[in-house]
Enquirer: 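After the structure tokens below, expect a handful of questions from me.
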Amino acid sequence: MVHSSPNITLEEGAAPLLRWYDACRRPFPWRETNDPYAVWISEVMLQQTQAARGVEYHRRWMRIFPTLRSLAEAEDDDVLKAWEGLGYYSRARNLLRAARLLQARGLATLPASFEELRALPGIGPYTAAAVASIAFGLPVPALDANGKRVFSRLLDLEEPVDRRAGEKSVLRAFVQMLPADRPGDFNSAIMELGATLCAPTSTLCGECPLEFLCLARLRGSALERPVLSRQTKSESLEGILAVFVSGDRVFLRRRPPAGLWANFEEFPWSAPPAEQESPLTELARRSNADCDGEVRCSFTKWRLRLAVRIVRLHAPGDLENMNGRWASPSELAAATLPAGSRKMRERLFGEGTIPPPPPS
DNA sequence: GTCCAGTCGT
DNA sequence: ACGACTGGAC
């Protein structure tokens with residue numbers, strides 16, 4: 001049954017989730033122990049390895065280096081040998097560095113606080129929270145990619161989870177559901193859910209213990225979550241933005257009926273190869289008008305810095321063959337413009353280059 | 001070939 | 001905030 005009550009809160013998810021985890025969790029060796037050292041090793045290994053593949057490495061590692069002390073006293077080469085095949089060897093080196101650091105401080109085990117764990121080499125927010133909760137029972141959320149996926153679906157979150165706002169939303173929900181009595185099992189259960197039922201490109205919602213409070217399930221949007229912000233690298237371009245002025249009117253060109261910003265009006269601009277030079281921008285470039293600051297804007301993958309040229313024409317007819325119009329101040333104010341031109345319009349009105357029309 | 005994952009270095 | 005690391009999944 002989906003959403004039998006309109007007043008379901010996230011807290012109600014913890015108990016069913018833990019019941020499901022108790023019944024269905026996969027029996028990994030690191031789940032048989034609360035030894036902080038064993039938990040730490042497993043979390044670092046699992047950062048880049050599927051759990052099934054990590055099992056043998058973890059068993060072997062615990063046989064060769066069964067305690068924090070044995071690791072701290074090990075030879076570099078032996079440690080790297082035990083890691084061989086897992087890749088990301090800096091993580092093995094960080095394990096060793098951390099073990100020796102603790103040994104040098106006279107500590108026989110890992111510190112039982114999120115902040116102290118977080119300060120060790122190779123331990124970031126995720127690993128610190130995982131060890132703190134699983135080994136020490138501290139109520140901190142261990143948020144990894146699984147958790148981001150699960151909670152972005154529970155909330156049907158449209159914010160990108162790889163941006164600050166989206167991650168904050170996810171963490172808020174996570175902490176709200178996190179039970180004080182079994183935080184470690186809860187963190188493991190969220191990750192187990194993401195690894196088995198709530199996978200990136202397939203879901204088994206019918207078996208999910210949180211189906212009853214999942215908004216994405218309700219709306220059929222599970223596979224659209226999580227939303228990620230654009231990862232494509234942006235490219236910086238320099239170009240020109242032309243403001244033709246005649247009296248109190250400015251020239252707005254109309255964009256072609258297809259493609260980027262189809263049919264929009266805007267100040268003529270160019271920034272090859274994102275936007276080719278046009279007769280208008282060439283005219284502005286060749287005019288002796290001084291540059292008057294710049295406008296920055298970005299779209300798709302481009303980041304633009306456009307040098308502003310204000311070109312005063314005494315005979316507006318010079319542009320009569322161009323596709324566009326001479327806009328009065330009120331027409332300019334009413335026009336629908338893309339972001340860059342909008343910034344330019346604000347500046348023209350703000351600096352009094354064009355008299356701002358009275359507010360309608 | 002492209003995307004993804006925690007942490008570190010910049 | 002962004003790329004490097006590195007191997008696996010797709």
Side-chain angles (χ1 to χ4, degrees), chain A residues 30 39-58 61 76 79-102 110-111 114-135 140-153 157 159-168 170-171 174 187-188 190-203 222-237 296-298 300-305:
Chain A
W30 50 86
V39 170
W40 171 43
I41 299 299
S42 75
E43 288 303 333
V44 174
M45 275 185 179
L46 294 182
Q47 281 170 17
Q48 80 277 343
T49 308
Q50 289 194 323
R53 184 168 136 79
V55 168
E56 272 320 301
Y57 277 96
H58 191 264
W61 183 284
D76 293 34
V79 171
L80 291 175
K81 186 70 185 165
W83 199 263
E84 190 176 21
L86 284 175
Y88 296 89
Y89 291 91
S90 66
R91 298 178 193 216
R93 293 193 191 93
N94 281 335
L95 284 175
L96 189 51
R97 278 175 60 205
R100 289 176 177 163
L101 206 63
L102 294 171
L110 279 80
F114 174 87
E115 287 76 15
E116 289 173 272
L117 289 164
R118 172 70 185 78
L120 292 169
I123 297 190
Y126 163 74
T127 306
V131 175
S133 62
I134 296 170
V140 284
L143 183 61
D144 71 345
N146 289 306
K148 286 182 180 174
R149 184 167 61 255
V150 168
F151 278 94
S152 75
R153 287 174 178 171
L157 192 68
E159 295 166 300
V161 298
D162 57 349
R163 313 284 298 140
R164 219 180 204 86
E167 184 171 308
K168 255 183 93 176
V170 162
L171 270 175
F174 201 129
N187 283 331
S188 299
I190 291 290
M191 291 186 269
E192 186 81 352
L193 202 61
T196 58
L197 305 184
C198 198
T201 59
S202 67
T203 56
L223 296 184
E224 329 269 312
R225 306 285 177 258
V227 174
L228 295 178
S229 69
R230 271 186 241 312
Q231 301 279 333
T232 49
K233 280 163 279 195
S234 61
E235 202 168 321
S236 296
L237 294 179
R296 290 166 189 259
C297 63
S298 51
T300 63
K301 65 172 190 161
W302 310 105
R303 295 184 54 226
L304 308 182
R305 283 177 45 215

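So you know, we letter chains A, B, ... as the sequences are listed, proteins then strands, and number each from 1.
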Enquirer: Once you round it to whole Å, what is the distance between C1' of B:dG6 and CE of A:Met191?
Expert: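 Checked: the CE to C1' distance equals 12 Å.
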Enquirer: Using distance only, find each side-chain donor-acceptor pair of residues 94-101 of chain A under 3.5 Å and give its atom names and separation, not counting sequence neighbours.
Expert:
| unit_1 | atom_1 | unit_2 | atom_2 | d |
| --- | --- | --- | --- | --- |
| A:Asn94 | OD1 | A:Arg97 | NH1 | 3.0 |
| A:Asn94 | ND2 | A:Ser90 | O | 3.3 |
| A:Arg100 | NE | A:Ala72 | O | 3.3 |
| A:Arg100 | NH1 | A:Asp76 | OD1 | 3.2 |
| A:Arg100 | NH2 | A:Ala74 | O | 2.7 |
| A:Arg100 | NH2 | A:Asp76 | OD1 | 3.0 |

Enquirer: State which residues pass salt bridge (charged side-chain N to carboxylate O under 4.0 Å, His left out) with A:Arg149; sequence neighbours excluded, sorted by chain then number.
Expert: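 Listed in chain order: nothing, the list is empty.
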Enquirer: Quick one: which protein N/O atoms are closer than 3.5 Å to N/O atoms of nucleotides 7-10 of chain B? Pair and distance per line, please.
Expert:
| unit_1 | atom_1 | unit_2 | atom_2 | d |
| --- | --- | --- | --- | --- |
| B:dT7 | OP1 | A:Gly124 | N | 2.8 |
| B:dT7 | OP1 | A:Gly124 | O | 3.4 |
| B:dT7 | OP1 | A:Thr127 | N | 2.9 |
| B:dT7 | OP1 | A:Thr127 | OG1 | 2.7 |
| B:dT7 | OP2 | A:Pro125 | N | 3.2 |
| B:dT7 | OP2 | A:Tyr126 | N | 3.1 |
| B:dT7 | O5' | A:Gly124 | N | 3.4 |
| B:dC8 | OP1 | A:Gly122 | N | 2.5 |

Enquirer: Taking only residues two or more places apart in sequence, or in another chain, which ones meet A:Glu56 in a salt bridge (charged side-chain N to carboxylate O under 4.0 Å, His left out)?
Expert: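 A:Glu56 satisfies salt bridge (charged side-chain N to carboxylate O under 4.0 Å, His left out) with A:Arg59 once adjacent residues are dropped.
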Enquirer: Does A:Arg164 or A:Thr201 map to a spot on DNA chain C nearer the 5' end, using the closest nucleotide for each?
Expert: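 Nearest-nucleotide comparison on DNA chain C picks A:Arg164.
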Enquirer: Considering every strand and a 4.0 Å limit on heavy-atom distances, what is the contact class for A:Arg149: base, sugar-phosphate, or nothing?
Expert: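 No contact.
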Enquirer: Report all side-chain donor-acceptor pairs from residues 118-131 of chain A shorter than 3.5 Å, counting only partners two or more places apart or in another chain.
Expert:
| unit_1 | atom_1 | unit_2 | atom_2 | d |
| --- | --- | --- | --- | --- |
| A:Arg118 | NH1 | A:Ile123 | O | 3.2 |
| A:Tyr126 | OH | A:Glu43 | OE1 | 2.5 |
| A:Thr127 | OG1 | A:Gln47 | NE2 | 2.6 |

Enquirer: Could you list, one pair per line, each protein nitrogen or oxygen that sits under 3.5 Å from a nitrogen or oxygen of nucleotides 7-9 of chain C, together with the distance?
Expert:
none

Enquirer: Is there a donor-acceptor pair closer than 3.5 Å between any side-chain N or O of A:Arg153 and the backbone N or O of A:Ala222?
Expert: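 Yes; judged by distance alone, with no hydrogens or angles, the pair exists.
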Enquirer: Check the orientation of A:Trp30 and A:His58. Use parallel for under 30°, tilted for 30 to 60°, and perpendicular for over 60°.
Expert: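 Taking A:His58 first and then A:Trp30, their aromatic rings stand perpendicular (interplane angle over 60°).
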Enquirer: Please report the distance, rounded to the nearest Å, between CG in A:Leu80 and P in C:dC5.
Expert: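 Distance, rounded to whole Å: 17 Å.
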Enquirer: Could you check how far CG of A:Leu228 sits from C1' of B:dT2, rounded to whole Å?
Expert: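 That distance rounds to 14 Å.
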Enquirer: Could you measure the distance from the CG atom of A:Asn146 to the CZ atom of A:Phe151? Nearest 0.5 Å is fine.
Expert: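 The CZ atom of A:Phe151 is 12.0 Å from CG of A:Asn146, to the nearest 0.5 Å.
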Enquirer: Got a second to check how far A:Leu102's CG is from A:Glu116's CD, nearest 0.5 Å?
Expert: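 The distance works out to 9.5 Å.
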Enquirer: In whole angstrom, what separates A:Arg163's CZ from C:dC2's C1'?
Expert: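 That distance rounds to 11 Å.
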Enquirer: Measure from CG on A:Asn187 to P on B:dG6 and round the result to the nearest Å.
Expert: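 In whole Å, B:dG6 P lies 13 Å from A:Asn187 CG.
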